[in-house]
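A short worksheet on the structure shown next.
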Amino acid sequence: MKKYDVAIIGAGTAGLTARAEVAKKTDNYVVIDGGILGTTCARVGCMPSKALIEVANTFHKQTLFDRYGISRSKMQTPDYKQVMAHVRSLRDRFSGGVIRGMESWKDHFIPKNGRFIDLHTLDLGDEKIQADKIVIATGSKPFIPDAWKKFSNYLLDTDTFFELETLPGKIAVFGLGPIGIELGQALSRLNIDVVAMIRRNAIGGLTDPDLRTYAHQCFSDELNIQIGSFDILEESSNRLKIESNGNSWTVDRILLAMGRRPVLKDLGLEKLGVHLDEKGIPIFNETTLQLGDFPVFIAGDVNGTRPILHEAADEGRIAGYNATASDVECFEKRTPLNITFSSPNICVAGQSHADLKKNRVEFVTGETDYEHQGRAMIMGQNRGKIHIYGDKKDGRLLGTEMIAPAGEHMAHLLAWAIANKMRAQDTLAMPFYHPVLEEALRTALRSIAKQSQMPKSEFEFSRCGESIVK
Ligand SMILES: Cc1cc2nc3c(=O)[nH]c(=O)nc-3n(C[C@H](O)[C@H](O)[C@H](O)COP(=O)(O)OP(=O)(O)OC[C@H]3O[C@@H](n4cnc5c(N)ncnc54)[C@H](O)[C@@H]3O)c2cc1C
């Protein structure tokens, strides 16, 4: 049986970065993956979804044409076949790049799935291998409730959606987390008839009650959103009948966006004697990614903590580093940053409203909105609201939730300020150009500075020889 220093199960983002780290220390390693290569992000995730959103937003811009006086140039219906072909061609470029990057791995790659036999042995079907250390990086997959599997001919998830040759006339989107709202809104902007169903109002992962309400109002202008229980009733004439709150709709397809689940089921974890939490995820140390004292590490979506790309990449590096280290080291997480690419963007950075409440932090909220903000009005994107949370004592920035035009950029600025432990008054001493969307942040930051218990400085800039920035 072939013996390696390290085996990595899964060649997604976490597996790739784990490999890069392991390869610095040993040449005796292997990555195994029996699935479709190219990573979830490039194949069926971040990249094709953003490609579709870009087309949808460009098409949607024509809703402003009458106001601009550019009438009679409107296109009524996109060529859906061409839209999907464009999305796939970009997707193929991104995933092709990943696959080309793996060509140099040669004997370091086995295109098979792995399953634990014991802590050091993996069953690859027709062969077994051994490794001193093993990294689990098997990702996550869309959740499909068992009761609906009989309707599978009509069900789409993100693994199948981007393969559609053309788009259905009427579609239901079940779930409006980041994936559901991104794709649901994009489809609606492409003139597809969309009905969206959610059990409770937490669109895009927002936790702040005020922003949840605002987001619901904002997206309801474009989407038919039903909140409450919902179900698939029956198949009828090649369509599906669905219901929510006593009303029914008939749709061609359903896009299931009700969350993703870690891929753990067929890994044989029961052979390891590791403890599992209530969701069936092995208990592991979040700072080292090690499972107890076992020679096994778990990185990326599969560990269920922060299922987004840059976190999967970081975790792969940590797991790869620790799998080759004589002593396991612990690493700090970056400041949380989540972006949903709806229009307006939905973003959460630092501690969410729910985190602050749960941790009983004494905080103040600075608010701003985009309804009358100059640049947003010029752009025809004057919908949005930002809440920034600051420490009640000293105005130190703790977190933010927002639904905002170009929120992706605002969220980065605030995440970086939070990571640098800046106070509201420190950020106010930074330059704000005019007219930009960032100017709106000032209103919220000023409100935090005012509400905090810190003495107020007369100006937001420093006198010669002194600095108001801590
Ligand atoms: C539609 C969509 C949009 C998204 N948009 C964003 C975004 O905008 N920004 C963002 O940050 N994140 C986004 N994400 C999330 C991001 O794509 C994931 O967090 C990231 O891809 C996870 O990487 P990973 O390495 O953990 O898993 P993956 O890339 O899924 O890799 C797991 C690998 O493990 C393999 N595998 C599974 N089981 C076995 C086994 N038993 N043996 C061997 N191999 C196995 C699989 O074949 C797969 O190749 C999006 C996801 C989706 C679905």
Side-chain angles (χ1 to χ4, degrees), residues 4-26 29-47 94-95 97-99 101-102 105 108-116 122 131 133-142 158-159 178-179 260-267 269 274 279-291 294-325 328-334 336-338:
Y4 298 93
D5 293 339
V6 181
I8 298 164
I9 315 175
T13 300
L16 293 177
T17 55
R19 187 212 75 94
E21 209 55 45
V22 167
K24 290 179 191 168
K25 310 263 186 55
T26 175
Y29 70 86
V30 69
V31 182
I32 59 170
D33 193 323
I36 307 171
L37 299 180
T39 75
T40 288
C41 173
R43 276 191 325 105
V44 293
C46 331
M47 304 310 270
F94 296 126
S95 57
V98 175
I99 294 166
M102 292 172 66
W105 296 8
H108 291 297
F109 180 66
I110 303 179
K112 294 174 187 169
N113 278 337
R115 184 182 170 80
F116 283 94
L122 292 174
K133 307 278 175 61
I134 297 178
V135 175
I136 303 172
T138 48
S140 60
K141 64 176 184 195
T158 47
D159 283 350
I179 293 173
R260 296 173 63 83
R261 298 284 184 275
V263 176
L264 285 164
K265 202 164 75 82
D266 299 322
L267 280 180
L269 291 176
V274 295
K279 290 184 186 151
I281 300 172
I283 310 276
F284 68 100
N285 181 328
E286 285 194 28
T287 63
T288 63
L289 303 180
Q290 189 174 15
L291 273 60
F294 300 102
V296 182
F297 301 82
I298 186 162
D301 278 17
V302 66
N303 70 30
T305 50
R306 294 187 181 187
I308 46 176
L309 183 100
H310 67 276
E311 297 286 354
D314 280 355
E315 290 182 5
R317 282 210 177 271
I318 293 169
Y321 179 90
N322 277 336
T324 46
V328 166
E329 287 188 40
C330 78
F331 293 86
E332 298 273 356
K333 289 264 185 212
R334 294 182 207 249
L337 173 61
N338 286 276

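The analysis underlying the following values was restricted to heavy atoms, covering all of them including side chains, and did not include hydrogens, waters or symmetry mates. Note that the numbering runs from 1 along the sequence shown for the chain.
- The nearest pair of heavy atoms linking K25 to T324 is NZ-OG1, 3.4 Å.
- For the pair K24 and Y321, the NZ or CZ position fails the cation-pi test of under 6.0 Å to the six-membered ring centre and within 45 degrees of the ring normal.
- Note: H108 and Y29 have parallel aromatic rings, judged against thresholds of 30 and 60 degrees for the angle between ring planes.
- The side-chain heavy atoms of N285 and C330, taken from C-beta on, include no pair separated by under 4.5 Å.
- Considering OG1 of T39 and CD1 of I99, their distance stands at 8.5 Å, rounded to 0.5 Å.
- Checked options F116, F297, F284; the residue passing with I136 is F116 (criterion: side-chain contact (heavy atoms from CB on, under 4.5 Å)).
- Using a 4.5 Å cut-off on side-chain heavy atoms (C-beta onward), V22 and Y4 make no contact.
- T17 contributes atom OG1, which lies 8.0 Å from atom CG of D314 (distance to the nearest 0.5 angstrom).
- The structure places OG1 of T305 at 7.5 Å from CG of L289, a figure rounded to the nearest 0.5 Å.
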### Task
Please test L264 against V302 for side chain to side chain contact (heavy atoms under 4.5 Å, CB included), starting from the C-alpha separation and ending with a verdict.
CA-CA 7 Å; L264 285 164; V302 66; 3.6 Å; yes
### Message
The test is side chain to side chain contact (heavy atoms under 4.5 Å, CB included); show your working for F331 and R317 and say whether it passes.
### Response
CA-CA 10 Å; F331 293 86; R317 282 210 177 271; over 6 Å; no
### Message
For a side chain to side chain contact (heavy atoms under 4.5 Å, CB included) check, start with the C-alpha distance between R306 and K333, then their side-chain angles and the critical distance, and finish with the verdict.
### Response
CA-CA 10 Å; R306 294 187 181 187; K333 289 264 185 212; 3.8 Å; yes
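- Within the 3.5 Å criterion, the main-chain N or O of P262 finds no donor-acceptor partner in the side chain of D301.
- In this structure, T138 and L267 approach most closely via the heavy-atom pair OG1-CD1, 3.9 Å.
- Closest heavy-atom contact between I298 and N303: O-ND2, 3.3 Å.
- Residues P282 and V274 share a closest heavy-atom pair of CB-CG2, 4.1 Å.
- Nearest heavy atom pair, residue I32 against residue N113, reads CD1-C, 4.4 Å.
- Between the side chain of R260 and the main chain of S140, a donor-acceptor pair closer than 3.5 Å is present.
- A donor-acceptor pair under 3.5 Å is formed between the side chain of R115 and the backbone N or O of D266.
- The nearest pair of heavy atoms linking P142 to T158 is CG-OG1, 3.9 Å.
- Residues N322 and Q290 are not in side-chain contact: their nearest non-hydrogen atoms beyond the backbone lie 4.5 Å or more apart.
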